Amino acid sequence: MSRYTAADIEPKWQTAWDEAGIFTAQRDPNRPKYYVLEMFPYPSGRIHMGHVRNYTMGDVIARYKSSCGFSVLHPMGWDAFGMPAENAAMAQGGHPGTWTYDNIKTMKGQMRPLGLSIDWSREFATCDPEYYGQQQAMFIDFMERGLVYRKNATVNWDPVDMTVLANEQVIDGCGWRSGAPVERRDLTQWFFKISDYSGELLDALDGLDNWPEKVRTMQANWIGRSQGLQFSFERTDGGESIEVYTTRPDTLLGASFVGISPDHPISKALEADNPEVAAKIAEMRKGGTTEEAIETAEKLGYDTGIRVKHPLDPNWELPVWIANFILMDYGTGAIFACPAHDQRDLDFCRKYDLPVKDTFLSLDDPKPVENEAFVPPKTEKVKWLDHFAGLDEATGEEAVEATVKFAEDADWGTGVEKFRLRDWGLSRQRYWGCPIPVVHCDDCGVVPEKKENLPVKLPFDEGGNPIDFSIPGNPLDRNPDWRACDCPSCGKPAQRETDTMDTFVDSSWYYARFTSPGATTPTDAEEAAYWMNVDQYIGGIEHAILHLLYSRFFARAMNICGHLPEKAREPFNALFTQGMVTHAIYKNAERTDENGRAIYHYPEDVEERDGVMVVKETGEKVKVIPSAKMSKSKNNVVDPVNIIDAFGADTARWFVLSDSPPERDVEWTASGAEAAAKHLSRVYATAAKIAEMDDADGNDEDLIRATHKAIHDVTMGIESFGFNAAIAKLYAFQNAISKSKAGGKAQKEAMRVMAQLMSPMTPHLSEEIWSMLGGAGLVAQADWPKADEAMLAEDSVTLPIQINGKRRAEISVPKDMDKAEVEKLALAEDAVIRALDGKAPKKVIVVPGRIVNVVV
RNA sequence: GCCCAAGUGGCGGAAUGGUAGACGCAGGGGAUUCAAAAUCCCCCGAUGGUAACAUCGUGUGAGUUCGAGUCUCACCUUGGGCACCA
């Protein structure tokens, strides 16, 4: 009997699939379509287990849907622009493009052996000029429709390298290369008007029934609709009054000061003619631009000396402070602070010795605020102190509503709806991205490039020499040859825009491009109409907010510009977010490297001695940190290529699906991979044995039942993304077959079903078994088996009997036995009689087919 | 700091509010073998008990329910995101 050797089987069937061309997506009017998409990879250089897990899940769905009769689109491409390519060019010389395309080639070579049912004819990389040229065309369309504009925005500025830094390049508030403390600086940048769609993007979340609740909540919070009051504080010096927005107008009598952002026009004006203010503001601008950096930074303030009148009492003057925690991007960039009911305001007031005044107290525990702000949920009833709108006991919600009405009636404020969502800043001062296709003309201003001149390609030289990426700054900025162009409007000499687009732009519409990757317009209407939407999108939870929100916005913008049909405004019908593949980290517990950084060891370099993990070579103790995200810097990456070489692709696929629920992280373990390999061998051996049996009938009933149960359970498992559960059922089915005493005919049928049920997960082995047992054609093209409902029902059931909710006995009864009859049987049980001790039960609950609970 | 999750045996995990621990790993015992590898069979939450069985048990503490791993609240721990990483 031959043994299971993946190395022979896998290439053979891959060739068979390619020759049959079964993965090439075809528009077929006679079949329903199904579009499966996994978030496309960044070409970092090697595939990792996370990729294997992601693409295997998509492949299971794609193959399953194909078997169910759908015309499937399952494409793959490369999210190919981005910083790592530029960093590589900076570190090793060469060009980011060369690095990127080499990586794509390597990674594709590593992915092909996985046997994924991908239509490679649709492959593209976002750095292909054919792709980003269409993106530029859309940018121009968006400009025409007012979806793009320019304004000032804050960036991380490295004062030594004189360059803009990504958040990732800011480490502990300092530039990653220069080590200099980072400053915040304003630049004129390009923005997409995503905020125009805040309400729609929020409301439409309700329709996304097949998205994880978690993702919808995160997006809803991110968009952040709030109802509040906008009003202005009149200045005592007669200057322009200060407009503020607040979600808690009901606490207006607790106002302590008016705070403005360091970027507020008033701050800027003061900064310009007062060096002291300028110095203070410079201090506040230190540190990164991330919300986290701003929120956790020490509260800094500066009293401008400006005073404003309280809207409810013209004799009450409030000071105006510049405060570093106020964002210019949200609301009006100015607030009134109510320290009693906001921790941030309270911290600030305690630091600068500003008054703290309670406006309401807890009903349970009415005591004044000390150093902890009283911030109850808005639905909690509180006791108001002398409220201007006449409130006594009311919830925050009621109070806000009453106050807004009060202010509107008195005509000093307006109730407004605001969103937290900011416009999408897409400008990047970097080379390796899609050039923004506009031209700066002295006469005409900012003019879009003519569409016939697209793509605006990235230059590959500067002044005739290869670009030197080791010089800090944007290589496009210092490339006069490339910048020089003719104004598309007046024809006079002009300059190209040197900003490139955020890579999120590239990934915001690739799903649409896959429907017609060769089109000379961004999409082809007929293809998009057929293939959109993505029926199942699969990717990491880390993309829950930005990528998915930007894509939802882009789909709407593309629809407006005629690039996508109306139905595609929500482009992803169903979303699944999978967990990461993790692996233990082995951290040296005895020493660090010369820079004081932790040393990590490869799994193969450590071993267990006397119950402790040590480094094999040196015997140094090792701290084991379980379940950490695989990361090169931590030396805990398991290379799928090694696993495929050792065990085959089917084993790798089986393992990444088997151990953990798909949405949770999976810990890579060597023993888990071996177990998967063992199981597949066992299935193969069983199939080989059954193939040699004759076609006699026998005691077939149990096996046939088991077969239908397996069909039912595995189908349910795949449909519900319970791949691990589906695999557990396949283990059980394998045990049932190998123990079966049924005749050859039934065993062969069971094994063919096994091949079909396994084929989405282990397609190569399944083909082998299918052909071994005389299955017709390719199992990849066979129709998915259907479970016979009649074979699923058991005739009798075992009912557990609980006494006061604890299981104490069980009875076996016919499936459809009458409730009263069941109760009688249950009460006749010894354990029940003992527990009742002659008394009548207080209550008997019979859940048919489930359980009996006797309350004594 | 803010937003969102997750926590079940030695380990990964299963469980429409209804028998907690399916399935797998590790471990133990046995069969086969000259021996081993491979394979096959059995056991395997904790405590007590020869056993039947009893008691306890799903991060912690309360609550709802005839019944809670599952629902509610609070807390603890871990993970993801926080707008220029992709």
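None of the values given here were measured: they were computed from a predicted structure.
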I want to check one thing: is the phosphate of B/rA83, taken as OP1 and OP2, less than 4.0 Å away from some side-chain N or O of A/R422?
no
Regarding A/Q734, tell me which of base, sugar-phosphate or nothing describes its non-hydrogen contacts under 4.0 Å with the strands shown.
nothing
Can you tell me the base-pairing partner of B/rC44? Count Watson-Crick or G-U wobble geometry only, both distances below 3.5 Å, and say none if there is no partner.
none
Would one find a side-chain N or O of A/N853 under 4.0 angstrom from OP1 or OP2 of B/rG67?
no
Identify which nucleotide among B/rG1, B/rA86, B/rC25 has an atom closest to any side-chain atom of A/A675, counting heavy atoms from C-beta outward.
B/rC25
B/rC82 OP1/OP2 closer than 4.0 Å to side-chain N/O of A/N167
no
I'd like to know if A/E829 pairs up with A/R808 as an ion pair, taking the criterion as any Lys NZ or Arg NE/NH1/NH2 lying under 4.0 Å from an Asp or Glu carboxylate oxygen.
no
Here the distance between atom P of B/rC84 and atom CG of A/D506, to the nearest Å, is 14 Å
Between atom NZ in A/K842 and atom C1' in B/rU65, what is the gap in whole Å?
15 Å
With sugar-phosphate meaning primed atoms plus P, OP1 and OP2, does A/F325 contact a base, only sugar-phosphate, or nothing at under 4.0 Å between heavy atoms?
nothing
Side chain of A/K214, heavy atoms from C-beta onward: which of B/rG1, B/rA5, B/rC84 has the nearest atom to it?
B/rA5
Between B/rU16 and B/rG80, how many Å separate the two P atoms, rounded to a whole number?
28 Å
Whole-Å gap separating P (B/rA83) and CD (A/Q219)
16 Å
Closest to the A/E295 side chain: B/rG13, B/rG1, B/rC4?
B/rG1
Could you tell me how far apart A/K299 (NZ) and B/rC2 (P) are, to the nearest whole angstrom?
10 Å
Identify whether any heavy atom of A/S507 sits under 4.0 Å from a base atom; if not, whether one sits that close to sugar-phosphate; answer base, sugar-phosphate or nothing.
nothing
Return the value, rounded to whole Å, for the distance between atom OH of A/Y731 and atom P of B/rC25.
6 Å
B/rG1 - base-pair partner by Watson-Crick or wobble geometry, distances under 3.5 Å:
B/rC82
If you check the A/A728 side chain, which of B/rA14, B/rA22, B/rU19 turns out closest?
B/rA22
Which part of the nucleic acid does A/V155 contact within heavy-atom distance under 4.0 Å: base, sugar-phosphate only, or nothing?
base
Touch check for A/H543, heavy atoms < 4.0 angstrom, all strands: base, sugar-phosphate only, or nothing?
base
Spacing of the C1' atoms in B/rC2 and B/rU70 (rounded, Å):
29 Å
Using a heavy-atom cut-off of 4.0 Å across all strands, would you classify A/P41 as base, sugar-phosphate, or nothing?
nothing
Inter-nucleotide P distance (B/rG61, B/rG24), Å rounded
33 Å
Closest to side chain of A/T290, choosing from B/rG24, B/rA83, B/rC84
B/rA83
Output the single nucleotide from B/rC3, B/rU39, B/rA86 whose closest atom is nearest the side chain of A/K678.
B/rU39
Closest to side chain of A/P800, choosing from B/rA86, B/rU19, B/rC82
B/rU19
B/rU72 to B/rG17 separation - P atoms, rounded to the nearest Å:
12 Å
P spacing across the pair B/rG21 / B/rA54, given as an integer number of angstrom:
15 Å
So, does the side chain of A/Q189 form a donor-acceptor pair with the base of B/rC84 at under 3.5 Å?
yes
Determine the contact category for A/G425: base if any of its heavy atoms lies under 4.0 Å from a base atom, sugar-phosphate if only primed atoms, P, OP1 or OP2 are that close, otherwise nothing.
sugar-phosphate
Testing the 3.5 Å rule here: is there a donor-acceptor pair between the side chains of A/T577 and A/E663?
no
Rounded to whole angstroms, how far apart are CG on A/L421 and P on B/rG81?
19 Å
Could you measure between the two C1' atoms, the one in B/rG67 and the one in B/rA15, and give it in whole Å?
16 Å
Within the structure shown, what part of the strands sits under 4.0 Å from A/G82 by heavy-atom distance: base, sugar-phosphate, or nothing?
sugar-phosphate
Tell me, please, whether A/W211 has A/R216 positioned over its six-membered ring: NZ or CZ under 6.0 Å from the ring centre and within 45 degrees of its axis?
no
Ignoring hydrogens and geometry beyond distance, is a side-chain donor-acceptor pair present between A/D499 and A/S427 at under 3.5 Å?
yes
Taking only the C1' atom of each, what is the distance from B/rU60 to B/rG10 in whole angstrom?
23 Å
Roughly, in whole Å, what's the span from CG in A/L205 to P in B/rC3?
18 Å
In terms of the angle between their ring planes, are A/Y550 and A/F504 parallel, tilted or perpendicular, with boundaries placed at 30° and 60°?
perpendicular
Paired nucleotide for B/rA62 [Watson-Crick or G-U wobble; both distances under 3.5 Å]:
B/rU72
At 4.0 Å (heavy atoms only), tell me whether A/W222 reaches a base, stays on the sugar-phosphate, or touches nothing.
base
Give a yes/no verdict on a cation-pi contact between A/R184 and A/W157, requiring under 6.0 Å between NZ or CZ and the six-membered ring centre and an angle within 45° of the axis.
no
What integer number of Å spans the C1' atoms of B/rA83 and B/rU78?
25 Å
More 5' along RNA chain B: A/K806 or A/Y42, using each one's nearest nucleotide?
A/K806
Indicate yes or no: does A/R428 engage A/E86 in a salt bridge with an N to O separation below 4.0 Å.
no
Could you check whether A/T217 gets within reach of a base, just the sugar-phosphate, or nothing at all, counting any heavy atom under 4.0 Å?
sugar-phosphate
Indicate the ring-plane relationship of A/W654 and A/H679, choosing parallel, tilted or perpendicular according to the 30° and 60° boundaries.
parallel
Lys/Arg cation over aromatic A/F191: A/K151, 6.0 Å, 45° cone:
yes
Cationic N near anionic O, under 4.0 Å, A/K299 to A/D347:
no
Which residue, A/V847 or A/V164, contacts RNA chain B at a nucleotide closer to its 5' end, judged by nearest heavy atom?
A/V847
By the 4.0 Å heavy-atom rule, please label A/Q429 as base, sugar-phosphate, or nothing.
base
Syn-anti status, with the boundary at 90° from 0, for the nucleotide B/rG45
anti
Phosphate oxygens OP1/OP2 of B/rA5: is one of them under 4.0 Å from a side-chain N or O of A/R216?
no
Heavy atoms from C-beta onward define the side chain here; which of B/rG18, B/rC4, B/rG13 lies closest to that of A/I845?
B/rG18
So which nucleotide from B/rC84, B/rG18, B/rC4 ends up closest to the side chain of A/Q802?
B/rG18
Would you indicate which nucleotide in B/rG1, B/rG18, B/rA83 comes nearest to any side-chain atom of A/R850?
B/rG18
For A/R682 and B/rC23, what is the distance between atoms CZ and P respectively, to the nearest whole Å?
13 Å
How is A/M83 classified with respect to the nucleic acid when contacts are heavy atoms under 4.0 Å: base, sugar-phosphate, or nothing?
sugar-phosphate
Is there a Watson-Crick or G-U wobble partner for B/rU39 with both distances under 3.5 Å, and if so, which one is it?
B/rA31
